[in-house]
Amino acid sequence: MTVQILVLAKQPVAGKVKTRLCPPFTPQGAADVAAAALEDTLDVVRAVDVARRVLVLDGDYDAPGFEVQPQRSGPMPDRLAGAFDDCHQHLPTLLVGMDTPQLTPQLLQAAADALSQHPAVLGRALDGGWWALGLQRPDGRLLAGVPTSRDDTGDLQLERLRAAGLDPHLLPELRDVDTIADARSVAALAPAGRFAATVGALLAG
């Protein structure tokens, strides 16, 4: 498969990740949840047949099987645009985040397969954002300036793609983990993963 997958991630440091989970979790507990979500996501990407796996990283993290691409600084739209502009331009590129640990190899493989047949793919999130975006021809201008963390982010990104003449294949919606309600729901969807085990242990404690 000629598709490459990028995982956009932040080093799971207490007090800097998943702060909306505090309370009930402590900052360290929230960081443990983030680390578990990231590890589950990396395992899913490792299970998919792709040409290249890249961790687009803010901070330091050991990810066997992945090339590491430093994440750009600045607001999130700039980071997302930079992720596409800094990767190898000649490969169709699918970007996912670390907030959907319920992602399965089957769903990710289907997304990669769809990108080989469509100019773009987009997976919107239930909170109005998006969890996956793929471009046959990576171009950060297609993401630059699109506001994030809003309930219309996914719609605005879809409009940007269509305005550029791309008709993206739409992937199933997934739920991002932002709040404790999200964490409970996603843990129930993927009970066998590290994420569910970590959330369960913290809630039990």
Side-chain angles (χ1 to χ4, degrees), residues 1-9 37-38 40-57 63 65-69 71-72 76-148 152-177 186 189-190 193:
M1 178 70 64
T2 58
V3 172
Q4 64 180 339
I5 294 182
L6 313 183
V7 178
L8 189 81
L38 177 55
D40 282 349
T41 302
L42 296 179
D43 278 350
V44 167
V45 177
R46 291 186 186 104
V48 174
D49 179 22
V50 292
R52 184 171 178 253
R53 300 171 182 85
V54 182
L55 181 62
V56 185
L57 184 63
F66 284 76
E67 299 177 42
V68 176
Q69 176 178 305
Q71 202 174 120
R72 291 192 186 183
M76 184 54 69
D78 293 346
R79 293 171 182 260
L80 292 168
F84 281 93
D85 283 341
D86 294 342
C87 70
H88 291 338
Q89 297 285 318
H90 64 283
L91 286 175
T93 302
L94 175 66
L95 182 143
V96 299
M98 56 183 284
D99 294 335
T100 52
Q102 74 273 39
L103 181 63
T104 65
Q106 293 78 16
L107 178 53
L108 189 59
Q109 186 71 65
D113 292 345
L115 185 57
S116 68
Q117 303 172 37
H118 299 271
V121 299
L122 180 66
R124 286 184 283 187
L126 294 178
D127 64 359
W130 54 268
W131 65 269
L133 194 156
L135 300 170
Q136 277 199 1
R137 296 182 178 181
D139 186 346
R141 292 173 297 181
L142 295 170
L143 296 91
V146 177
T148 57
D152 62 350
T153 292
D155 291 338
L156 292 172
Q157 184 61 68
L158 180 59
E159 290 174 6
R160 173 69 67 84
L161 295 174
R162 287 176 171 166
L166 306 179
D167 186 16
H169 173 80
L170 298 181
L171 305 170
E173 286 188 329
L174 294 183
R175 184 170 188 166
D176 282 342
V177 174
V186 169
L189 290 172

Closest heavy-atom pair and its distance - [X], [Y]:
X    : Y    : value
P168 : R162 : CD-CG, 4.1 Å
T2   : P92  : O-CD, 3.6 Å
G154 : L122 : O-CD2, 4.0 Å
L95  : A83  : CD1-CB, 3.6 Å
A37  : M98  : CB-O, 3.4 Å
A190 : P101 : CB-O, 4.4 Å

Mark yes or no for whether [X], through its side chain, and [Y], through its backbone, hold a donor-acceptor pair below 3.5 Å.
X    : Y    : value
Q69  : V54  : no
W131 : L126 : no
T148 : V146 : no
R160 : A144 : yes
R53  : V48  : yes
R124 : W130 : no
T93  : L135 : no

| message | Could you walk me through whether L166 and L142 satisfy the side chain to side chain contact (heavy atoms under 4.5 Å, CB included) test, starting with their C-alpha distance in whole Å, then the side-chain angles of each, then the deciding distance to 0.1 Å, before giving a yes or no? | response | CA-CA 10 Å; L166 306 179; L142 295 170; 3.8 Å; yes

| message | Side chains of Q109 and D113 only: does a donor on one sit below 3.5 Å from an acceptor on the other? | response | yes

About how many Å separate [atom2] of [Y] and [atom1] of [X], when rounded to the nearest 0.5 Å?
X    : Y    : atom1 : atom2 : answer
D49  : L108 : CG    : CG    : 11.0 Å
Q4   : H88  : CD    : NE2   : 7.0 Å
D155 : E159 : CG    : CD    : 6.5 Å
D43  : L38  : CG    : CG    : 9.5 Å
E67  : R52  : CD    : CZ    : 4.0 Å
H118 : L170 : NE2   : CG    : 10.0 Å

Measure the shortest side-chain to side-chain distance between [X] and [Y] over non-hydrogen atoms and say whether it is less than 4.5 angstrom.
X    : Y    : answer
L57  : F66  : no
L8   : M76  : yes
R46  : P105 : no
Q136 : L115 : yes
L94  : V50  : no

| task | Applying side-chain contact (heavy atoms from CB on, under 4.5 Å) between L174 and each of T100, L189, V186, report the one that passes. | result | T100

| side chain to side chain contact (heavy atoms under 4.5 Å, CB included) between L55 and V45, worked out | CA-CA 10 Å; L55 181 62; V45 177; over 6 Å; no

| field | Electrostatic pair R141:D85 at N-O distance under 4.0 angstrom | value | no

